[in-house]
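First the structure, which I've put down as structure tokens, then a few questions once you've had a look.
In what follows, chains are A, B, ... by sequence order, proteins preceding strands, each numbered from 1.
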Protein chains: 2
Amino acid sequence: MSTKVARLSDVARTAEVSVATVSRFLNNRLQLPAETAARIRRAVAEHEYTPNPHARNLSLGRSETLALVVPDIANPYFARLAAAVEREAAQQGYALTLCASLNTLQREREYIARLSGSAVDGIIFVSNHADDGSLRDPINASSRGVVILDEDVAGVIGPRVFSDNEQGGYLAGRHLIEMGHRSISFFGGPQAMRSTEARLAGIRRAIAESGQDVAIRDAFFGAYSPEHGRACAARFLSSGSEATAVLVSSDEIMIGALEIFRRDGIRVPDRLSVIGFDDIAPFVLFDPPLTSIRQPVEMMGRRAVDLLIRGLKGEDIDSVIEYLPVELILRGSVAHPAGRKAAATKRRSPNRGE
Amino acid sequence: MSTKVARLSDVARTAEVSVATVSRFLNNRLQLPAETAARIRRAVAEHEYTPNPHARNLSLGRSETLALVVPDIANPYFARLAAAVEREAAQQGYALTLCASLNTLQREREYIARLSGSAVDGIIFVSNHADDGSLRDPINASSRGVVILDEDVAGVIGPRVFSDNEQGGYLAGRHLIEMGHRSISFFGGPQAMRSTEARLAGIRRAIAESGQDVAIRDAFFGAYSPEHGRACAARFLSSGSEATAVLVSSDEIMIGALEIFRRDGIRVPDRLSVIGFDDIAPFVLFDPPLTSIRQPVEMMGRRAVDLLIRGLKGEDIDSVIEYLPVELILRGSVAHPAGRKAAATKRRSPNRGE
DNA sequence: AGGCTCTTGTAAACCGGTTACGTAGGACTG
DNA sequence: CAGTCCTACGTAACCGGTTTACAAGAGCCT
């Protein structure tokens, strides 16, 4: 066991050629006669040579590494996103550096600054709150490729990948209206965020399209968190809302809201219908199984990586915006509103609403 | 906006000193008279200089980066672990590279090999299956620091951090026995794994300690996956098992098992008591809320990082093994076995078993 | 004045790759 | 036979930091 790890020059000496020859040969930038090639290969094997990545990075000016900035990987939604990103990155030969921003502007900016240096080749940026502009500038100043994923950061020049939130709101709204609801509540994310606005707009489109007299009552906005969900539910109940159904804008909010509804004995869907958004948590096993809009999380992760890498390779992707398709998963948490006929309460999804 | 990013030599020239002076000054390895220091600081600011990380890494031979090898980040258990690891690493000034092994030996070995080069300073290794020895050798050959986390890899020389699985099995077993169960089933993880063996041993200890005549019936072993959970439940049911309670060895297995139990109308806990392990999923909201052994996931992640970094700093940590304390969270999925008195069916945890 | 130690700084050698440019020798060409 | 091309490599200049070895001048002592 040698104490020292082999360098390129060791291999070159053993193979009796120059370092340039070895380097170019190993990087397939040079054809060599079989005999020389064999000598090099033998020397590589003998020394158990692997190129030093730091040297390689410095020399090439890149590291074949991407960074993912995400509010919190413990959150199952971001965990899934991260898994998809990692998979696609690995497949394309890139490593992935994970950066948890904990949803604070300060840490987001820190990461942007650090990564912009040239620690990584590109950045996938997922934020979870409205930007006051102090994110836009550092991102645009970054010399690296950046793709915005999942939630918009206004004013950033560069590609974006979202799920089709508007369509999600629309599908949810249409379903509720079809089921007979005429007064719908909305437990939303932060008010200033695009995802929130888009989902609300989708509900409105569904309402307009239905031609029915449907009202959105008690729309609450706040963080994508169980706390906010609890607060929504509490305010909803104490307001004596007349809404018969509620669209809950994320799994996290849902978890908090259900806790309160359950505590207060609000039966779902008998007394109140609920429809979720994200569909990451094992909602099949909830009581009742939750009808939900499913976000195309895997696809989002993969598309973001793919775009980023294409950008690194020189393609012009700055103006790409993608809206990936959501899906309505029918389970048991939406029924006809109380007081109406309870026929056909149970329906099954044609796709895979287990 | 300069097209070129500033280098150390640019700063040096502007400050009218040599690069060495700037470098040492910036790394606090040199006291300078106020006037010179100010000149350098001014030059740094003017050029918006940040050291090139690749060059720094090459020169220093380290990258202040750790790697986390984990079967699958989409799995909430590993997601939580990853979050804890990232947080602690960030706090100590290290970046984190994420590597998903997808639980395949091949990818695990690939990662070990790649990372051993010197891409990262240290590795936290989490596997999820029994090793046939082909992991042990590359890990031991690695020039980097490695800490084994969560699941043992036999024969590896180095520090380890586990949860106290034996104690988890014991707490679960004791609880079931106290509730009156005399025939207990075990839906385990892979048979050859330490975590599985330890949990089983814990149940046995509880049985021995109780002095009662308690039997472990229908112990099934397999992957930590919903599929395995479904299979366990199906075999359990078709075998007409006499067990009145089952210890389910992970959230994932639980999710699969509950699916089958629910489908077949097995009421929990009336007909069958279940107790989980991990307690990551939002089991509070399940029907019924699940009693579970909670693993100290955050602590595990942080301890692993802390150990690793201490090792990198030269401390001798090779023989450290830590077993972090688990906790029994009482909720509603364990009752007295059918046929017995149903008194005191509901109990609350003294800690925080909400 | 000569010899010391500090202070402040420099020049140059690393770290370990990649690559632009060059060249020696043989084959082919007109 | 000179000119040209191709093969098969070698030399040395990068990439951008850190650090060792060393020096010039200042202050101080004897």
Return the set of residues passing salt bridge (charged side-chain N to carboxylate O under 4.0 Å, His left out) with B:Arg310 (not counting sequence neighbours), or none when no residue passes. B:Asp306, B:Glu315

Under the rule for ring pair (Phe, Tyr, Trp, His ring centres under 6.0 Å), what residues qualify as partners of B:Tyr49, not counting sequence neighbours? none

Ignoring hydrogens and angles, tell me if any N or O in the side chain of A:Asp152 forms a donor-acceptor pair with the backbone of A:Arg194 under 3.5 Å. no

In B:Glu108, B:Arg107, B:Arg114, the residue satisfying side-chain hydrogen bond (donor to acceptor under 3.5 Å, both in side chains) with B:Tyr111 is B:Arg107

Could you check whether any side-chain N or O of A:Thr65 sits under 3.5 Å from a backbone N or O of A:Ser63, counting only pairs where one atom can act as donor and the other as acceptor? yes

Distance, rounded to the nearest Å, where A:Asn57 contributes CG and D:dG17 contributes C1': 14 Å

Distance in angstrom units between B:Leu26 CG and D:dG16 P, rounded: 17 Å

A:Asn27 side chain N/O closer than 4.0 Å to the phosphate oxygens (OP1, OP2) of C:dT18? yes

Side-chain N or O of A:Tyr49 less than 4.0 angstrom from OP1 or OP2 on C:dG16? no

Could you state the CG-P distance from B:Leu8 to D:dT19, rounded to the nearest angstrom? 12 Å

Please find the pair of heavy atoms, one from B:Val19 and one from B:Leu8, that lie closest to each other, and give the distance. O-CD2, 3.9 Å

Rounding to an integer number of Å, can you tell me how far B:Arg13 CZ sits from C:dT10 P? 13 Å

Between the protein and nucleotides 8-12 of chain D, which nitrogen or oxygen pairs come in under 3.5 angstrom?
from	atom 1	to	atom 2	distance (Å)
D:dC9	OP1	A:Thr36	OG1	3.1
D:dC9	OP2	A:Thr36	OG1	3.3
D:dG10	OP1	A:Ser18	N	3.3
D:dG10	OP2	A:Ser18	N	2.4
D:dG10	OP2	A:Ser18	OG	2.8
D:dG10	OP2	A:Thr21	OG1	2.7
D:dG10	O6	A:Arg24	NH1	3.2
D:dG10	O6	A:Arg24	NH2	2.7

Give every donor-acceptor pair under 3.5 Å between a side-chain atom in residues 23-38 of chain A and any protein atom, sequence neighbours left out.
from	atom 1	to	atom 2	distance (Å)
A:Asn27	OD1	A:Arg56	NH2	3.0
A:Asn27	ND2	A:Ser23	O	2.9
A:Glu35	OE1	A:Arg39	NH1	3.4

Is there a donor in the side chain of B:Ser101 and an acceptor in the side chain of B:Asn103, or the other way round, less than 3.5 Å apart? no

Ion pair present between A:Arg80 and A:Glu298, side-chain N to carboxylate O less than 4.0 angstrom? yes

For atom CG of B:Asn28 and atom P of D:dT18, their distance in whole Å: 12 Å

Does OP1 or OP2 of D:dG16 have a side-chain N or O of B:Arg56 closer than 4.0 Å? no

So, does A:Ser23 get its side chain near the phosphate of C:dT18, meaning an N or O under 4.0 Å from OP1 or OP2? yes

For the atom pair CZ (B:Arg144) and CG (B:Asp121), what is the distance rounded to the nearest 0.5 Å? 6.5 Å

Which protein N or O atoms sit under 3.5 Å from an N or O of nucleotides 13-15 of chain D?
none

Quick one: bend of the helix from C:dA1-D:dT30 to C:dG30-D:dC1 from 5 pairs per end, to 10°? 60°

Of all heavy-atom pairs linking B:Asn52 and B:His54, the shortest is OD1-N, 2.7 Å

Between D:dG17 atom C1' and B:Phe25 atom CZ, what is the distance in whole Å? 17 Å

